[in-house]
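Have a look at the structure below, then the notes.
For the numbers below, each heavy atom of this structure counts, side chains included, while hydrogens, waters and symmetry mates do not.
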Amino acid sequence: MSDEQVRNVFVVGLDEANLPSLESVPGADSLRFHGLLTVEELQGGEVSLPAVIEKAQKVLDDFDGSIDAIVGYWDFPVSTLVPILGARYGTRTTSLESVVKCEHKYWSRLEQQKVTDRHPRFGRVDLEADTPGLPDGMRFPMWLKPALSYSSELAFGVDGQEEFDTAVDEIRKGVSRIGRPFEHILDQVELPAEMDGVGGQVCLAEESLSGVQVAVEGYVHQGEVTVYGTLDSIDYPNSPCFLRHQYPSMLPPQVIARLHDTTERVMRQIGFDSATFSVEYFYDPGSQDISLLEINPRHSQSHAELFQYVDGVPNHHCMLALALGEDPRMPHRQGPYAMAAKWYYRWFTDGVVRHVPSPEDIARIEHEIPGVRIEVLPEQGQRLSGLSQQDSYSYELAHIFTGGDDEEDLRRKYDQCVAALGLTFDEAPGAA
C-alpha cells in the first residue's frame, strides 16, 4: 500500500498493551498508528498542561505527512487533549466543553439532574473550611472524592465523622495533583453561573449506592446516541474493588433498556458528539432502581479484548471510525466466545514483590490456556505501595483477560492463570 493510501492516526498515550487491539480493527492495514506522548508524561505526578500541549504540538508540527485523526482512550488529561488538539489540527472530536461536563464530577451532576433523577444525592465539601462539614441534606454512609480523578484515586467510602475527617484530610493533600492542571482546562470553556467559583480542586460528597455495578458503552455520531454494549462489574466480596468486568451483562433486558434510555438522554444533554463514551451505573435488584455513578468521555480500553472475544472486534473500532468519518457500527456476537471478562488480580496489603514471571512464562501460559491474555503490573523487587494510580484499598498485581463458553469457564481460566503466574511477596516493613 502506497503512503498516499495510508492514513496517520495519532494516539495520545499509546501503550504497548493496546497496540495489538488497535492493529486488529477492521481496515487497520490502511492505518499507521503514531504515539503522541507517553502514559508517564501524561499521568506521572502533577502534569503541566501548557508544557504537555506544547510538546504534543511540536510533534504534530514536525510530522511530515497528513494528520488524519487524533484519538485517545485514557482519562484526563488525554480526554481533554484530544479536542484541544483536534480544534488546532482540524480532526474530528467532540467539543472540549462536552468532555469537561463529563469529567468534572460536580458539573456533570448538575447536567444530569436536568434530564433524570437517576443519580445519588450529592453536594460539595468545602476543603478550605477549618472544619469541613457534610453538605446540606446528606448523611452517612457516603463517598468522598475529588471533582476529577481516575482509577478511584482519592475516593473514600465513609460511614461516620471520624472517617469523613480522615478522608477530607487525604483529599486536601492530594487534590492538587490533578485538580490544579484541570483548572487550566476550565479557563478555556464558558462556565455556567452555577459553576462560578467551583474550580478544579473541589471535593464532592455523594450518597452511597448499593447493588450491581454495570457499565454502558456507546458513541454519538451526527447527534445520534448508540449503545453497543452493557457490561457487569463484579467486586471482590465485602470490598468496593473490582474483581472483574464481564461481557455481556447478565441483567434482565428491561433493566438494560432503562440504562440505555437514561444514557441517551444524559449524553444528548451534555452535547456530546463524534466520540465514544462509557457510563457507569448501580442497579438495585430489590428496589429495581438504577443510579448513574459517573460518565467517562471515552470508551474503556479495559474492555477492548472483551468485545473482541465476544463480538469479533475491539471497541477501539468505534473510536477510530468516528475520528476518520466512517461508519462506527460494531458487529454483534461474531467473536469466538460467548462471554469474556477482565479480571483484576489484587493484593490487599503492602508488600515487596519477590517473584515475577518472565515474558516467556506469560507467553507459555497464554498458549496453554486458550482465550487468555495476561498483563503483570509490578516488577520484581518493587514495593506495591509504589505502584502508580491505585485505588485507596488495594494494589493491582495483574490484569487477566479470559474468553469462554460461560461464567464457570471464565472463572476456571482465571484460577488457572493465577496459579500459573506464581507471584510471591515479602511483607513490607510497616505494612498494615
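- Q246 and D232 are not linked by any side-chain donor-acceptor pair at a separation below 3.5 angstrom, with hydrogens and angles left out of the test.
- A pairwise comparison of heavy atoms in P314 and S21 identifies CG-O, 3.3 Å as the closest pair.
- In summary, the side chains of Y73 and D15 do present a donor paired with an acceptor at a separation below 3.5 Å, with no hydrogens or angles considered.
- In this structure, R109 pairs ionically with E206, as a charged nitrogen and a carboxylate oxygen lie closer than 4.0 Å.
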Verify side chain to side chain donor-acceptor pair (under 3.5 Å) between Y283 and Q213, making sure each step is shown before the conclusion.
CA-CA 6 Å; Y283 164 64; Q213 197 165 341; over 6 Å; no

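- With D327 contributing its side chain and R329 its backbone, the two residues share a donor-acceptor pair below 3.5 Å.
- Residues that satisfy the side-chain hydrogen bond (donor to acceptor under 3.5 Å, both in side chains) test with H184, not counting sequence neighbours, are Q188.
- For the 3.5 Å distance criterion, the side chains of D273 and T94 fail to qualify, holding no donor opposite an acceptor.
- Aromatic ring centres of H303 and Y247: separated by at least 6.0 Å.
- Ring centroid separation for the pair F348 and Y236 comes in under the 6.0 Å cut-off.
- Two residues are said to be in side-chain contact when any heavy atoms from C-beta on lie closer than 4.5 Å; V376 and I374 meet this criterion.
- A donor-acceptor pair is defined here as one N or O able to donate and one able to accept, closer than 3.5 Å; such a pair exists between the side chain of D409 and the backbone of D405.
- The distance from atom CG of L42 to atom NZ of K55, rounded to the nearest 0.5 Å, is 9.0 Å.
- Y309 and F401 have their aromatic ring centers separated by at least 6.0 angstrom.
- For NE2 of H367, the number of neighbouring non-hydrogen atoms (other residues, nucleotides, ligands) closer than 6.0 Å is 12 at most.
- Ion pairing of R373 with E366 is absent here, as no side-chain N (NZ or NE/NH1/NH2) approaches a carboxylate O to less than 4.0 Å.
- Panel note: side chain E23, backbone P20; no donor-acceptor pair is recorded below 3.5 Å.
- A donor-acceptor pair shorter than 3.5 Å can be found between the side chains of D361 and S358.
- A salt bridge does not link R411 with D415: every distance from a Lys NZ or Arg NE/NH1/NH2 to an Asp or Glu carboxylate oxygen is 4.0 Å or more.
- Contact of the Y337 side chain with the P370 side chain is registered, since non-hydrogen atoms from C-beta on lie closer than 4.5 Å.
- Checking Y345 against E396 by side-chain atom types alone, no donor-acceptor pair falls below 3.5 Å.
- Side-chain N or O atoms of N296 include one that pairs as donor or acceptor with a backbone N or O of S278 at under 3.5 Å.
- Under a 3.5 Å cut-off, the side chain of R32 and the backbone N or O of R7 do not form any donor-acceptor pair.
- A donor-acceptor contact closer than 3.5 angstrom is absent between the side chains of E170 and T166.
- The backbone N or O of D159 lies less than 3.5 Å from a partner atom in the side chain of E163, making a donor-acceptor pair.
- Two residues are said to be in side-chain contact when any heavy atoms from C-beta on lie closer than 4.5 Å; L144 and L204 fail this criterion.
- Counted by atom type alone, S24 and Q308 present one or more donor-acceptor pairs between their side chains at under 3.5 Å.
- If you look at F425 and W347, their ring centroids are closer than 6.0 Å.
- The 12-atom threshold is exceeded at NZ of K114, counting heavy atoms of other residues, nucleotides or ligands nearer than 6.0 Å.
- Contact annotation: the side chain of S30 never approaches that of Q5 to less than 4.5 Å [non-hydrogen atoms, C-beta and beyond].
- One finds no salt bridge joining E294 and K145 here, because no Lys/Arg side-chain nitrogen approaches an Asp/Glu carboxylate oxygen to under 4.0 Å.
- In this structure the side chain of I290 reaches within 4.5 angstrom of the side chain of L259, judged on heavy atoms.
- Between F63 and F10, the gap from one ring centroid to the other is short of 6.0 Å.
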Mind running side chain to side chain contact (heavy atoms under 4.5 Å, CB included) on I369 and C417 for me, showing each step along the way?
CA-CA 8 Å; I369 308 173; C417 289; 3.9 Å; yes

Derivation and outcome, side chain to side chain donor-acceptor pair (under 3.5 Å), residues Y281 and T263
CA-CA 10 Å; Y281 291 89; T263 300; 2.7 Å; yes

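- Between the side chains of R118 and T262, at least one donor-acceptor pair of N or O atoms lies under 3.5 Å.
- Within a 6.0 Å sphere centred on CD of Q254, heavy atoms belonging to other residues, nucleotides or ligands number more than 12.
- Side-chain N/O atoms of K101 and S108 include no donor and acceptor closer than 3.5 Å.
- Between E407 and R244 there is a salt bridge, since at least one side-chain N of the basic residue sits less than 4.0 Å from a carboxylate O of the acidic one.
- Residues H104 and L148 fail the side-chain proximity criterion, which asks for heavy atoms closer than 4.5 Å.
- Defined by atom type and a distance below 3.5 Å, a donor-acceptor pair is present between the side-chain atoms of Y344 and H245.
- The two residues G403 and L410 have their closest heavy-atom pair at C-CD2, 3.7 Å.
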Checking L85 against T91 for the side chain to side chain contact (heavy atoms under 4.5 Å, CB included) test, could you report, in this order, the C-alpha distance in whole Å, the side-chain angles of both residues, the deciding distance, and whether it holds?
CA-CA 8 Å; L85 296 172; T91 56; over 6 Å; no

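- Counted by atom type alone, S79 and W74 present zero donor-acceptor pairs between their side chains at under 3.5 Å.
- Remark: the backbone N or O of H221 is not paired with any side-chain donor or acceptor of E224 at under 3.5 angstrom.
- For F76 and F182, the distance between ring centers is under 6.0 angstrom.
- Annotation for M138 and E207: closest pair CE-N, 3.4 Å, computed over non-hydrogen atoms.
- With N8 contributing its side chain and S66 its backbone, the two residues share a donor-acceptor pair below 3.5 Å.
- The two residues D75 and E103 have their closest heavy-atom pair at C-OE2, 4.0 Å.
- Side-chain N/O atoms of N315 and E217 include a donor and acceptor closer than 3.5 Å.
- Judged purely by atom type and a 3.5 angstrom limit, K413 has no side-chain atom pairing as donor or acceptor with the backbone of V372.
- Side-chain atoms of D61 and Y89 form a donor-acceptor pair, as typed in the model, at a separation below 3.5 Å.
- Residue R364 places its CZ atom among more than 12 non-hydrogen atoms of other residues, nucleotides or ligands, all under 6.0 Å distant.
- Residues V225 and R268 are in side-chain contact: their nearest non-hydrogen atoms beyond the backbone lie under 4.5 Å apart.
- Judged by distance alone, with hydrogens and angles left aside, the side-chain atoms of Q382 form a donor-acceptor pair with the main-chain N or O of E379 at under 3.5 Å.
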